[in-house]
Amino acid sequence: MLKLEQVSKLYRNNHGLQKTSITFQEGQITGILGRNGSGKTTLLKAILNLVPIDSGVVSYNGKSIEEQYAQIAFISEDGSFFPYMSAEEYGNFLAMYYPSFSKDDYQKLLEQFEVDTTTHIRNLSKGQQLKVEISAGFATNAKLIILDEPFTTLDIYAKEDTVRLLIEQLKDDVIILISTHNIEEIENVIDRCIVLDNGSIKEDVFIDDLNKEGKDLRALLDTYRPKAKTAP
């Protein structure tokens with residue numbers, strides 16, 4: 001179980017995350033949605049301790065995140081790879097630090113995504129770099145998988161493959177969180193949806209319940225769409 005208790009992280013412009021409390025259970029894929037600046041990335045980085053929080057507590061299975069990095073995978077459009085390494089070298093590096101990292105799975109994913117494994121990652125296109133990031137993240141066989149905008153530079157086939165991998169990774173002891181603008185890519189994949197606006201959780205719904213009400217994600221998010229300015 002991943003638990004946030006009254007977690008706040010505000011920046012100089014007062015954007016960020018405000019006194020957020022929420023629990024994520026194993027066996028669920030949760031979509032974290034909201035417009036730019038709503039606090040999505042801040043929430044993910046606060047969970048991972050990539051930004052120092054102002055107040056509150058983040059715990060995973062009753063322990064601090066720092067104690068369990070080997071059980072966590074973070075897949076980000078910004079990339080956590082070392083750009084001066086090739087994809088092959090990066091895999092060898094990860095195998096030394098992640099006990100559950102599978103070099104076989106990593107190699108299969110790179111082949112599936114048609115990634116050049118010998119070229120320095122910094123010389124790959126943005127889309128190919130993201131494919132390295134996704135391959136590495138899923139090959140760690142982590143129990144907590146966090147994805148921040150994983151579809152941004154992917155072609156349609158790579159998006160489909162990534163969605164399939166999400167479904168394959170979900171097991172009873174795994175938590176998956178995914179922040180994205182591509183609602184259509186995840187609507188049929190996620191179990192639960194969190195909507196952030198102005199640094200606060202505005203909606204926390206299960207997709208089955210939403211469907212029973214005759215609604216979809218687009219309708220839910222439209223409530224928080226900024227109103228268009230009219231000409232004077």
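Checking side-chain atoms of S100 against main-chain N and O of T140 turns up a donor-acceptor pair under 3.5 Å. Between the side chain of E89 and the backbone N or O of S86 there is at least one donor-acceptor pair closer than 3.5 Å. Side-chain atoms of K9 come within 3.5 Å of backbone atoms of P52 as a donor-acceptor pair (strictly under, hydrogens ignored). Judged purely by atom type and a 3.5 angstrom limit, Q68 uses its side chain to pair as donor or acceptor with the backbone of Y60. The backbone N or O of L144 sits nowhere less than 3.5 Å from a side-chain atom of Q71 that would complete a donor-acceptor pair. At distances below 3.5 Å, not a single donor-acceptor pair connects side-chain atoms of D161 with backbone N or O atoms of F113. For the pair S135 (side chain) and Y106 (backbone), a donor-acceptor distance under 3.5 Å is absent. Q18 places no side-chain N or O within 3.5 Å of a backbone atom of S200 that could act as its donor or acceptor partner.
Residues L44 and L147 form no side-chain contact, since every pair of their non-hydrogen atoms from C-beta on lies 4.5 Å or further apart. With a 4.5 Å cut-off on side-chain heavy atoms, L17 and V7 count as touching. Between L33 and E203 the shortest side-chain heavy-atom distance does not fall below 4.5 Å. For the pair S76/E133, a side-chain contact is recorded, criterion being any heavy-atom separation below 4.5 Å from C-beta on. In this structure, V51 and Y11 have side chains that are in contact, with non-hydrogen atoms separated by less than 4.5 Å. Side chains of C193 and L210 form no contact here, defined as non-hydrogen atoms less than 4.5 Å apart. Taking 4.5 Å as the limit, some side-chain heavy atom of F138 sits within range of a side-chain heavy atom of L166. In this structure, I190 and I207 have side chains that are in contact, with non-hydrogen atoms separated by less than 4.5 Å.
Rounded to the nearest 0.5 angstrom, N61 CG and E26 CD are separated by 5.5 Å. Between atom NE2 of residue H15 and atom CG of residue N198 there is a gap of 6.5 Å, rounded to the nearest 0.5 Å. How far CG of L220 is from NZ of K202: 13.0 Å, rounded to the nearest 0.5 Å. Taking CD of E67 as the start and CD1 of I65 as the end, the distance is 10.0 Å to the nearest 0.5 Å. For the atom pair CD1 (I47) and CD1 (I53), the distance works out to 10.5 Å, reported to the nearest 0.5 Å. Here the CD atom belonging to Q112 is positioned 10.5 Å from the CD1 atom belonging to I134, to the nearest 0.5 angstrom.
Of all heavy-atom pairs between L94 and A136, the closest is CD1-CB, 3.5 Å. Between A87 and V115, the closest heavy-atom pair is CB-CG1, 4.5 Å. Residues P150 and S179 share a closest heavy-atom pair of CD-O, 3.6 Å. Across every non-hydrogen atom of A73 and G137, the tightest pair is CB-O, 3.5 Å. Between Y69 and L48, the shortest heavy-atom distance links the atoms OH-O, 2.7 Å. Across all their heavy atoms, V132 and Y90 have their closest contact at CG1-CD2, 4.1 Å.
Hydrophobic clustering, with ILVMFWY side chains joined whenever heavy atoms are under 4.5 angstrom apart, keeps I194 apart from L221. No chain of hydrophobic side-chain contacts below 4.5 Å, direct or via other Ile, Leu, Val, Met, Phe, Trp or Tyr residues, connects L43 to M1. By the criterion of side-chain heavy atoms lying less than 4.5 angstrom apart, applied directly or through intervening Ile, Leu, Val, Met, Phe, Trp or Tyr residues, I156 is not grouped with I186; the two fall into different hydrophobic clusters. Linking ILVMFWY side-chain heavy atoms closer than 4.5 Å, directly or via other members, places V195 and I176 in a single hydrophobic cluster. Residue L170 is grouped with residue I178 when hydrophobic side chains (ILVMFWY) are merged at heavy-atom distances under 4.5 angstrom, including chains of intermediate members.
Inspection of the D148 and T41 side chains reveals an N or O donor paired with an N or O acceptor under 3.5 Å.
Listed by chain and residue number, Q25, T30, D191, R192, F206 satisfy the side-chain contact (heavy atoms from CB on, under 4.5 Å) test with Q28 (two or more places apart in sequence, or in another chain).
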- Message: Show, in sequence, the C-alpha distance, side-chain angles and deciding distance for Q129 and T153, and conclude whether the side-chain contact (heavy atoms from CB on, under 4.5 Å) test is met.
- Response: CA-CA 9 Å; Q129 289 177 356; T153 56; over 6 Å; no
- Check against side-chain contact (heavy atoms from CB on, under 4.5 Å), L2 and V58: CA-CA 8 Å; L2 175 64; V58 178; 4.3 Å; yes
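Listed by first then second residue, pairs satisfying salt bridge (Lys or Arg N to Asp or Glu O under 4.0 Å) with a partner in residues 166-180 read K143-D173, R164-E168, not counting sequence neighbours. Contacts classified as salt bridge (Lys or Arg N to Asp or Glu O under 4.0 Å) and involving residues 96-122 (residues at least two apart or in different chains) are not found.
The local environment of NZ in K19 is sparse, with at most 12 non-hydrogen atoms from other residues, nucleotides or ligands closer than 6.0 Å. Counting non-hydrogen atoms of other residues, nucleotides and ligands closer than 6.0 Å to NZ of K45 gives a total of 12 or fewer.
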